Q: 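What follows is a structure written as structure tokens; I'll ask about it next.
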Amino acid sequence: MGKHDGDEKNIEGGTTIVAGMARLRTSDTGRLVAELDKTGLLSRQWRAAFAAVPRHEFLPDKLWVLDEHGRLAAIDREHDVGQWMRRVYSDSCIVTQIDDGGTAWPGSGIASSSSSMPSVMLVMLDALEVGDRMRVLEIGTGTGYNAAILAHRVGADRITTVEVDGRLAARAARNLLVAGYPVTMVCGDGTAGHAPGAPYDRVLATCGVIGQVPYSWIEQARPGALVVAPWGTPYQRSALMRLRVNDDGTALGRFSKGVYLSFMPLREQRIGGLLNGPDGDPDVITTTELSPAELRHTVLAFDGAFAIGLQVPECRTWYEIDEERGCWRALGFEDAGSGSRAIVTADPDEPDIVIKQWGPRLLWDEVELAYRWWVHEGRPTHDRFGLSLGPEGQSCWLDEPDQPLR
């Protein structure tokens, strides 16, 4: 999601009927429902929707899926319809666009749109607490499958869905019409919501929010409404954010326990690639008393990294693994805006862990301070943190809104 050239516009799509599709619906959706049953997440209200909505009608013939090594692999319905249908009706994330459409199938690149794992969809739909005939604003239409699931639950006339990418929006509109769910489809900037359809009872973002939650989502929601989205920082994404809207135009809520998500971010909140290697000698060289095991909390342990990200703004991190020794050998931290960087290296044959830092921000010092604070507070899990949002901005807090983080 992000800025889109031109004004918002409704998308109209024609309908096409694909021979044989009706015969496939019951058996294949039934297989997916059976798989979702095993997760323990499938409630009665969503069972009917997943059983009724044909996922294959929302996906292009040429897709990318993750192989056993976690790499994207291209599959083509025309080449192997059996494999294609098995992957479509499994609890799998399916990539439908690479590099904003700039890379055609079967090429590889950065995934820019997908159909989420149905079990992940269930987690978010459950957090949304949708009731009969509620009006729902969805940010990030993608294929239209999630909008169809919502429409089956509350009615297509109650769903407004926004997609920034014109080609994806047009295709989703056609998909929704073919499947019989004529929701309000808008092509535009999702951060602006869709004021003509307000007020909404529920707002659901199916893309990641990095840092600032768009206040338009709060403005366009009724008092008492819920706003649900994957939320994170440049350092660590994402936990599931669940905000309740108040009568005074503010909203607050906590992050859901035990939910770790990885979603493509709003397009205007995307973070560029890593900086090139540091130029010249470091400005500061120090060591740390933290052990290698403790240092893993700065990158690999979710709760510690989540807490650090809340207190060290605009900081990204990366790490390198020594494959031969089976341990990490370098951690990196950077702020592209200021050009600040830090590299932490650990050599099993050396007694000290060396920190090299460049630029105006001593990023490692900030990270270590935030990490020590997290330890001092008893290593709070991410669900003890919350977020408050109003017209003047937002703040994060630990346990209660009157305990804001710095």
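These figures come from a predicted structure and were not determined experimentally.
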Q: Is any side-chain heavy atom of Ile353 closer than 4.5 Å to one of Leu290?
A: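 A side-chain contact under 4.5 Å is absent here.
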Q: Tell me whether the count of non-hydrogen atoms from other residues, nucleotides or ligands lying under 6.0 Å of CZ in Arg296 goes above 12.
A: no
Q: State which residues pass side-chain hydrogen bond (donor to acceptor under 3.5 Å, both in side chains) with Arg55; sequence neighbours excluded, sorted by chain then number.
A: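 side-chain hydrogen bond (donor to acceptor under 3.5 Å, both in side chains) list for Arg55, sorted by chain: Ser115.
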Q: Apply side chain to side chain contact (heavy atoms under 4.5 Å, CB included) to Ile139 and Cys207, showing your working.
A: CA-CA 7 Å; Ile139 307 299; Cys207 48; 4.2 Å; yes
Q: When you look at Val245 and Arg222, which way does the side chain to side chain contact (heavy atoms under 4.5 Å, CB included) test go after all the steps?
A: CA-CA 7 Å; Val245 178; Arg222 297 181 189 276; over 6 Å; no
Q: Would you give the length of the straight line joining atom OG1 of Thr286 to atom CG of Leu362, rounded to the nearest 0.5 angstrom?
A: 8.5 Å
Q: Which atom names give the shortest non-hydrogen contact between Thr191 and Pro214, and what distance separates them?
A: O-CB, 3.4 Å
Q: Do the rings of Trp231 and Phe255 sit parallel, tilted or perpendicular, given the 30° and 60° boundaries?
A: tilted
Q: Donor-acceptor pair, Tyr200 side chain versus His194 backbone, under 3.5 Å?
A: yes
Q: Looking only at side-chain N and O atoms, does Asp335 offer a donor or acceptor that is under 3.5 Å from a partner on Ser340?
A: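 Asp335 and Ser340 do not have a side-chain donor-acceptor pair below 3.5 Å.
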Q: Side chains of Arg31 and Glu35, heavy atoms from C-beta outward: is any pair under 4.5 Å?
A: no
Q: Quick one: do Gln357 and Ile355 satisfy side chain to side chain contact (heavy atoms under 4.5 Å, CB included)? Show the steps, please.
A: CA-CA 7 Å; Gln357 302 187 76; Ile355 292 76; 3.7 Å; yes
Q: Looking only at heavy atoms, which two atoms of Ala205 and Pro230 are closest? And how far apart?
A: O-CD, 3.3 Å
Q: Measure across Gly249 and Ile218 and return the closest heavy-atom pair with its distance rounded to 0.1 Å.
A: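 Between these two residues, the closest heavy atoms are O-CG2, 3.6 Å.
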Q: OG1/Thr206 to CG/Leu125 distance, rounded to the nearest 0.5 angstrom?
A: 10.0 Å
Q: Go through the steps for Ser119 and Leu36 under the test side chain to side chain contact (heavy atoms under 4.5 Å, CB included), then give the verdict.
A: CA-CA 6 Å; Ser119 59; Leu36 293 177; 4.2 Å; yes
Q: Give me the atom names and distance for the closest heavy-atom approach of Cys396 to Leu310.
A: SG-CD2, 3.8 Å
Q: Short question: side chain of Ser114, backbone of Val95 - any donor-acceptor pair under 3.5 Å?
A: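 Between the backbone of Val95 and the side chain of Ser114 there is no qualifying donor-acceptor contact (under 3.5 Å).
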Q: Would you call Leu243 and Leu387 a side-chain contact if the rule is heavy atoms closer than 4.5 Å?
A: yes
Q: Under the salt bridge (Lys or Arg N to Asp or Glu O under 4.0 Å) rule, collect the residues that match up with Glu289, sequence neighbours excluded.
A: none
Q: Donor-acceptor pair, Asp248 side chain versus Thr250 backbone, under 3.5 Å?
A: yes
Q: What pair of heavy atoms forms the shortest contact from Gly131 to Val154, and how long is it?
A: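 For Gly131 and Val154, the tightest heavy-atom pair comes out as O-CG1, 3.4 Å.
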Q: Without swapping roles, check the side chain of Trp318 against the backbone of Ala330 for a donor-acceptor pair under 3.5 Å.
A: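 A pair under 3.5 Å: no.
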Q: Between Phe302 and His382, how do the two ring planes meet: parallel, tilted or perpendicular, split at 30° and 60°?
A: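 The arrangement is perpendicular - the two ring planes meet at more than 60°.
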Q: Taking only residues two or more places apart in sequence or in another chain, which ones pass salt bridge (Lys or Arg N to Asp or Glu O under 4.0 Å) with Arg86?
A: none
Q: Say you draw a straight line from CZ of Phe50 to OH of Tyr145; how long is it, rounded to the nearest 0.5 Å?
A: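 Separation between the atoms: 5.0 Å.
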Q: Does the side chain of Val178 come within less than 4.5 Å of Phe58's, by heavy atoms?
A: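 With C-beta onward as the side chain, the pair stays apart.
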Q: Give me the one residue out of Thr161, Asp165, Asn175 that meets side chain to side chain donor-acceptor pair (under 3.5 Å) with Thr141.
A: Thr161
Q: Backbone N or O of Ile94 within a donor-acceptor pair of the Ser92 side chain at under 3.5 Å?
A: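 No; judged by distance alone, with no hydrogens or angles, the pair does not exist.
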Q: Can you confirm whether Gln220 sits close enough to Val203 that some side-chain heavy atom of one is under 4.5 Å from a side-chain heavy atom of the other?
A: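 Not in contact.
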Q: Give a yes or no on whether the backbone of Asp402 and the side-chain of Trp397 come within a donor-acceptor separation of less than 3.5 Å.
A: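 Side chain of Trp397 to backbone of Asp402: no pair is present.
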Q: Flag the pair Trp84 / His56 as yes when at least one side-chain heavy-atom distance between them is below 4.5 Å, and no otherwise.
A: yes
Q: Has Gln83 got a side-chain atom pairing as donor or acceptor with Ile75's backbone, closer than 3.5 angstrom?
A: no
Q: Can you tell me how far the CD1 atom of Ile159 sits from the CD1 atom of Ile149, to the nearest 0.5 Å?
A: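 One finds 11.0 Å between CD1 of Ile159 and CD1 of Ile149.
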Q: Please check if the number of heavy atoms outside Lys356 that lie under 6.0 Å from its NZ is greater than 12.
A: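 Not buried by this count: 12 neighbours or fewer within 6.0 Å.
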Q: Between Trp105 and Asp61, is any pair of side-chain heavy atoms under 4.5 Å apart?
A: no
Q: Which distance, rounded to the nearest 0.5 Å, do you find between the CZ of Arg153 and the CZ of Arg133?
A: 11.0 Å
Q: Is the backbone of Arg158 close enough, under 3.5 Å, to the side chain of Arg135 for a donor and an acceptor to pair up by distance?
A: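 No.
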Q: How long is the straight-line distance from CD of Gln97 back to CG of Asp99, given to the nearest 0.5 Å?
A: 8.5 Å
Q: Mark yes or no for whether Gln236, through its side chain, and Gly309, through its backbone, hold a donor-acceptor pair below 3.5 Å.
A: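 Checked: no pair found.
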Q: Taking the side chain as every heavy atom from C-beta outward, state whether Leu66 and Cys93 have any pair of such atoms under 4.5 Å apart.
A: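 Not touching, per the 4.5 Å side-chain cut-off.
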Q: Can you name the nearest heavy-atom pair linking Ala179 to Glu57, along with the distance?
A: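 Shortest heavy-atom separation between Ala179 and Glu57 comes out as CA-OE1, 3.6 Å.
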Q: Excluding sequence neighbours, so at least two apart, what forms side-chain hydrogen bond (donor to acceptor under 3.5 Å, both in side chains) with Glu129?
A: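 Checked Glu129 against side-chain hydrogen bond (donor to acceptor under 3.5 Å, both in side chains); matches are Arg242.
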Q: Would you please name every residue forming a side-chain hydrogen bond (donor to acceptor under 3.5 Å, both in side chains) with Glu377, sequence neighbours left out?
A: none
Q: Going by side-chain hydrogen bond (donor to acceptor under 3.5 Å, both in side chains), name the residues that satisfy it together with Asp247, two or more places apart in sequence or in a different chain.
A: none
Q: Under the 3.5 angstrom rule, does the side chain of Trp374 hit a backbone N or O of Pro380 as a donor-acceptor pair?
A: yes
